[in-house]
Amino acid sequence: MDYFSKNGNITVHEPDFDLDNTLDCGQAFRWKKFSGDYECTYIGTFLNDSLKISQVKKGEFIFHDVSEDDFKNKWFEYFDFGTDYSELKKMFSEDETLAKACQYAGGIRLLKQNPWECLISFIISQNNNIPRIKGIIERLCGNYSGRFPNPCELAEETPESLSYLRSGFRARYICDASERVESGEIDLQETAVMPIDEARKNLKKIVGVGDKVAECVLLFGMYRTEAFPKDVWIKRVLEEYYPNGFPEFLKDYAGIAQQYLFHYMRTKSE
DNA sequence: CGCCAGGACGCCC
DNA sequence: GGGCGTCATGGC
């Protein structure tokens, strides 16, 4: 990966990166796609900074109106540019099915997102589809001038006051999570670095957080690459291609491998 | 219209 | 411990 700053923008060259693959593969729900002068452009927000990013062509990107400091201190981490995905994919490709998934969607990167936002987002995700998840989160953030509400703000809400989200039975789960985080009963920063089984147990104290949501929070919000969420798509892959279990040699990065498989299975026939 | 979705929970055995 | 009905909502 290399980059340079010019006219207030950052230009990035990174062959193992694709905006559609990374920003529309079900790990983040607040990136919006625009068409325009480039192959594609996305606008999104991480913490309090919004970003407009364009894919000029395969492997070349423009981070609009971003200083070199902001790029180094923030977006470099967020997009996990410190990790060599060609090495990861080389390892994944020793497995036949994963080799196909990497071939199909080799531009996926695991985003280093915010644990709190991931917790609420993946609570909303349960038994839900991606377009509707995006809609609920958009209505939520729309109620806070476009930013994601913090635990203090959400802890004041009730399932009834959240009815504008139209999140159904998940509203009370959002409230339970908010109360436990706001009260300090669950410290997400501490949870992020716990031994993983302890972290799982801790997250699952929240009503509405089971195995799947806990794994998603660990993987997408805490960069625990060994976490392995099993949704309906992954369960199909496991049944069909891994009847003897998922390869042991991948376990430290099973979550990232899982993301390639998820995107592959979900979109290959479209 | 019916089936499904990045599931969890309560109840049953 | 595993199996099953239920829970809102709306995309397709």
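Chain letters run A, B, ... following the sequence lines, proteins first, then strands; residues in each count from 1.
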Write down the distance separating the C1' atoms in B:dC9 and C:dG10, rounded off to the nearest Å.
-> 22 Å
Taking the P atom of each, how far is B:dG6 from C:dG5, in whole Å?
-> 22 Å
Tell me the interatomic distance from [X], atom [atom1], to [N], atom [atom2], rounded to whole angstroms.
| X | N | atom1 | atom2 | value |
| --- | --- | --- | --- | --- |
| A:D211 | B:dA8 | CG | P | 6 Å |
| A:I137 | B:dG6 | CD1 | C1' | 11 Å |
| A:F29 | B:dA5 | CZ | C1' | 11 Å |
| A:Q258 | B:dG6 | CD | C1' | 8 Å |
| A:I234 | B:dG7 | CD1 | C1' | 15 Å |
| A:D176 | B:dA8 | CG | P | 14 Å |
| A:I133 | B:dG7 | CD1 | C1' | 11 Å |
| A:I136 | B:dG6 | CD1 | C1' | 13 Å |

Answer yes or no for this row: A:F262 ring on B:dG6 base, centroids under 5.5 Å, planes under 30°.
-> yes
Taking only Lys NZ, Arg NE, NH1 and NH2, and the carboxylate oxygens of Asp or Glu, determine whether A:D252 and A:R224 approach each other closer than 4.0 Å.
-> no
Is A:E153 paired with A:R147 through a side-chain N to carboxylate O contact shorter than 4.0 Å?
-> yes
A correct 5'-to-3' footprint of nucleotides 6-12 of chain C, with B, S and - meaning base, sugar-phosphate only and no protein heavy atom under 4.0 Å, is -BBBBS-
A:Y78 vs A:W31 aromatic rings, parallel, tilted or perpendicular, using cut-offs 30° and 60°?
-> tilted
NZ (A:K201) with more than 12 external heavy atoms under 6.0 Å | no
Scanning all shown strands, the Watson-Crick or wobble mate of B:dC1 with both distances under 3.5 Å is none
With a distance cut-off below 6.0 Å to the six-membered ring centre and an angular limit of 45° from the axis, does A:K112 pair with A:Y223 as a cation-pi contact?
-> yes
Under 4.0 Å, heavy atoms only, any strand: does [X] hit a base, just the sugar-phosphate, or nothing?
| X | answer |
| --- | --- |
| A:I206 | sugar-phosphate |
| A:F220 | base |
| A:G26 | base |

With a 3.5 Å cut-off and no angle check, do the side chains of A:S167 and A:Y173 form a donor-acceptor pair?
-> no
Does a distance-only test, which skips hydrogens and angles, find a donor-acceptor pair under 3.5 Å between the side chain of A:E215 and the base of B:dG7?
-> no
ring-ring contact (aromatic ring centres under 6.0 Å, His included) with A:F17: of A:F79, A:F63, A:Y85, A:W75, only one passes, and it is A:F79
A:V232 has a side chain; which of B:dC9, B:dA5, B:dG6 sits nearest to it?
-> B:dA5
Kindly point out which of B:dG6, B:dG7, B:dC9 is positioned nearest to the side chain of A:V207?
-> B:dC9
Please identify each residue that fulfils side chain to side chain contact (heavy atoms under 4.5 Å, CB included) with A:D95, with sequence neighbours left out.
-> A:T97, A:L98, A:Y242, A:P247
